[in-house]
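Index from 1, following the sequence.
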Amino acid sequence: MANIDEFSSAIAAGGEGVEQARAAIEAAKATGEELIGQFQVLGVEDKVGQAQAIKEGLEQVQGMLQAAKDSLENLQNQTQALKG
């Protein structure tokens with residue numbers, strides 16, 4: 001039979017997964033920055049613009065992941081409130 005602590009732990013595991021995804025996105029952004037720099041050195045401005053747009057998309061995803069993490073934390077707090 002499930003209990004409140006198990007429920008809370010399951011929600012926390014979701015938050016940990018979101019945090020791992022955020023770290024992976026951050027690594028992708030860093031790689032993108034390096035690529036943008038290389039494109040700038042080579043003078044291929046169209047590629048710079050395309051890579052910048054991708055990086056901006058990654059930043060949007062990071063924002064969504066932050067919102068998901070915040071929601072999961074709120075749900076975990078609500079779950080803990082079930083104890084009292």
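- Leu58 and Leu35 fall into different hydrophobic clusters, where Ile, Leu, Val, Met, Phe, Trp and Tyr are joined by side-chain heavy atoms under 4.5 Å apart, directly or via other members.
- Contact check for Glu19 versus Glu16: no side-chain heavy atoms found under the 4.5 Å cut-off.
- Residues Gln80 and Asp5 have side chains in contact (heavy-atom distance under 4.5 Å, counting atoms from C-beta outward).
- For Glu6 (side chain) and Asn3 (main-chain N/O), a donor-acceptor pair under 3.5 Å exists by modelled atom type.
- Here Gln66 pairs with Arg22, Asp70 under the side-chain hydrogen bond (donor to acceptor under 3.5 Å, both in side chains) rule; sequence neighbours left out.
- The structure places CD1 of Ile4 at 5.0 Å from CG of Leu82, a figure rounded to the nearest 0.5 Å.
- The hydrophobic cluster containing Leu42 also contains Val48, counting ILVMFWY residues as joined when their side-chain heavy atoms lie under 4.5 angstrom apart, directly or transitively.
- Here the straight-line distance linking atom CG of Asn74 with atom OG1 of Thr79 works out to 9.5 Å at 0.5 Å rounding.
- Open room surrounds CZ on Phe7; 12 or fewer heavy atoms of other groups in view lie less than 6.0 Å from it.
- Within the model, atoms OG of Ser9 and CD of Gln76 stand 7.5 Å from one another, a figure rounded to the nearest 0.5 Å.
- Here Gln52 contributes atom CD and Gln40 contributes atom CD; the two are 7.0 Å apart, rounded to the nearest 0.5 Å.
- When the side chains of ILVMFWY residues are joined at heavy-atom separations under 4.5 Å, either directly or via intervening members, Ile25 and Leu72 end up in a single hydrophobic cluster.
- Rounded to the nearest 0.5 angstrom, Glu56 CD and Lys29 NZ are separated by 11.0 Å.
- Contact check on Lys55 versus Glu59 returns a salt bridge, with a Lys/Arg side-chain nitrogen under 4.0 Å from an Asp/Glu carboxylate oxygen.
- Here Ile54 contributes atom CD1 and Gln50 contributes atom CD; the two are 7.0 Å apart, rounded to the nearest 0.5 Å.
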